[in-house]
Amino acid sequence: MSRGALTGSRIRERRLIKGMRQADLARSVGISASYLNLIEHNRRRIGGKLLLALAQVLSVEPATLTEGAQATLLAALREAVAHLPSDELQRIDEFAERFPVWAEAMVQSYRQTQSLDATVRRLSDRLTHDSHLAASLHDVLSTTAAIRSTASILAEPDGVDEVWRTRFLGNLDEDARRLAQSSKALVSFLDNSDNYDTRPSLPQEEVEAFLADNGYYFAELEQDGGSIQSIIKNSPRLVSNASQELAVRALSQYAVDAQALPQIPLIDAIKDVGVDPAAIALQFSQPLHVVFRRLASLPETEIGRLIGLVICDASGAIVFRKSVEGFSLPLLGSSCPLWPVFTALTRPHRPIRRRVRQHDGGGKDCTCLAVSWAQGTVDFDRDPMLMAGMLILPENTDAPDVLALGASCRICSKEACESRRENSVINNL
């Protein structure tokens, strides 16, 4: 049904919003109620003076009645219900045309849900993995338990010896002071939890913020003689000694990769073969994981597309992340076990290609290229220490057959997933 054919439905909806009876509106514009009834049921087309008169009485622009919901509203509606497997989605335009207020309410609810989902992701990660928050909560709980224990002794009906009573009261006063300080510190921490610049952070977070601030690219290290210490010294992000040590390792690896795959020849190769890690690895006689790291470090303007990268160790813990639009990465927590990077750990040195789409958050299609490799020296007396990397390449088109996955089990809406951690535990009991 065309937009123009639904003008009557819009007139009826606006009339109901204003609380007007059909007869009252008809009288206001000088037509009969029966004729207005035909208009509202899209059985009569209108225009000219009658349309202007109806728009004036309904306090809307004439274009609102003839053109209906705006394109942005329709786009937002489609995004909000894109994950629903229903044939009714084909009638989304009609829904927005006939019920614009409800459509706007649905969009606002969807956007609020998206915002809350992002907050839940962040807080869930922090509650599970943030050592500062864990220590503060432990201090509050242990101090509360001590106060309760002391108070219960003092409240005993038989009483307590005066010497012990004085001692217990002193302990109670000390614990109360400590609880007040711990509570104040906890409240301060939570108040600053949304401000990256002021809240306490983990060393890995400091390094990731440092890399992101520089766009994961360091021109000084693209040539011989670049000073790693100078880069670190000039960064306000690297506060702790631990974060500085991690940054030294990351930049040292960056310098080695830059020597193995120099920027100018690499960019020339990308112009010839595109972002094809296998072809680039063959041309430069370098391992795939080195190509992954170099592609993720180059500026988007140089290679012509966005690239994300995830690197994990054999336990599945993510040790490096470069986020990219269309593929959500949890800040600190465990990731979706369906990610190809984890599959690569089970198939050492075997490249894996998957077309994926995250079913939460309206993610777009991404091509994920993953491979695992042995870190360090390999010999007969010890097992190799495996690492795995996954290059994330957002695509502009949707494929019919993709691997549906999430960001993290804790916030994934796919309850029936066999790979969901709680389901896996139950199934193996």
Side-chain angles (χ1 to χ4, degrees), residues 74-93 110 114 117 121 270 273-282 288-289 291-292 295-296 303-312 316 318 321-330 334-372 388-424 427:
L74 291 174
L77 270 177
R78 293 191 184 98
E79 181 183 354
V81 300
H83 62 287
L84 298 177
S86 173
D87 295 337
E88 291 296 319
L89 300 183
Q90 299 176 1
R91 304 178 61 188
I92 196 70
D93 288 18
Y110 169 71
Q114 291 293 95
D117 179 65
R121 289 172 188 254
I270 293 173
V273 302
V275 181
D276 186 339
I280 295 172
L282 181 63
L288 277 173
H289 62 273
V291 178
F292 281 9
L295 290 175
I303 57 180
R305 70 176 304 168
L306 293 171
I307 291 180
L309 177 63
V310 169
I311 298 177
C312 71
I318 295 178
R321 78 194 74 222
K322 178 189 177 185
S323 61
V324 66
E325 184 181 357
F327 195 96
S328 298
L329 302 178
S334 300
S335 308
C336 173
L338 295 177
W339 286 9
V341 67
F342 303 127
T343 304
L345 285 171
T346 68
R347 306 175 188 179
H349 306 288
R350 178 180 173 182
I352 296 174
R353 182 194 303 267
R354 295 284 188 273
R355 185 72 171 248
V356 307
R357 183 187 306 141
Q358 289 185 326
H359 47 71
D360 289 326
K364 61 174 65 176
D365 279 15
C366 294
T367 296
C368 289
L369 308 175
V371 70
S372 62
M390 179 173 72
L391 207 64
I392 307 169
L393 306 172
E395 304 293 350
N396 294 323
T397 58
D398 295 338
D401 186 18
V402 297
L403 172 64
L405 41 75
S408 173
C409 284
R410 292 198 312 278
I411 54 175
C412 183
S413 62
K414 192 176 181 181
E415 296 290 344
C417 177
E418 293 181 356
S419 298
R420 194 179 186 91
R421 285 178 181 82
E422 49 264 41
N423 295 342
S424 299
N427 294 336

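Below, each value reflects all heavy atoms present in this structure, side chains not excepted, and no hydrogens, waters or symmetry copies.
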> Can you list the steps and then say if V371 with F292 is a side-chain contact (heavy atoms from CB on, under 4.5 Å)?
Replying inline: CA-CA 9 Å; V371 70; F292 281 9; 3.9 Å; yes

Of all the heavy-atom pairs spanning [X] and [Y], show the shortest one and how long it is.
X	Y	result
P394	L306	CD-O, 3.5 Å
P340	A370	O-CB, 3.7 Å
I280	G274	CD1-O, 4.0 Å
L329	S323	CD1-CA, 3.6 Å
A344	A388	CB-CB, 4.4 Å
A296	I307	CA-CG2, 4.2 Å

>> The test is side-chain contact (heavy atoms from CB on, under 4.5 Å); show your working for Q358 and L405 and say whether it passes.
In response: CA-CA 5 Å; Q358 289 185 326; L405 41 75; 3.4 Å; yes

> Passes side-chain contact (heavy atoms from CB on, under 4.5 Å), C368 versus W339? Steps please.
Replying inline: CA-CA 9 Å; C368 289; W339 286 9; over 6 Å; no

Output the distance between atom [atom1] ([X]) and atom [atom2] ([Y]), rounded to the nearest 0.5 Å.
X	Y	atom1	atom2	result
T367	R354	OG1	CZ	12.0 Å
L391	H289	CG	NE2	13.5 Å
S372	H349	OG	NE2	6.5 Å
M390	I318	CE	CD1	7.5 Å
L369	R353	CG	CZ	5.0 Å

Kindly indicate whether the side chain of [X], heavy atoms from C-beta on, has any atom under 4.5 Å from the side chain of [Y].
X	Y	result
V356	V402	no
L295	I270	yes
L345	C312	yes

> Would you say R305 has more than 12 foreign heavy atoms packed within less than 6.0 Å of its CZ?
Replying inline: yes

> Which residue, I392, D365, V310, forms the side chain to side chain contact (heavy atoms under 4.5 Å, CB included) with F327?
Replying inline: I392

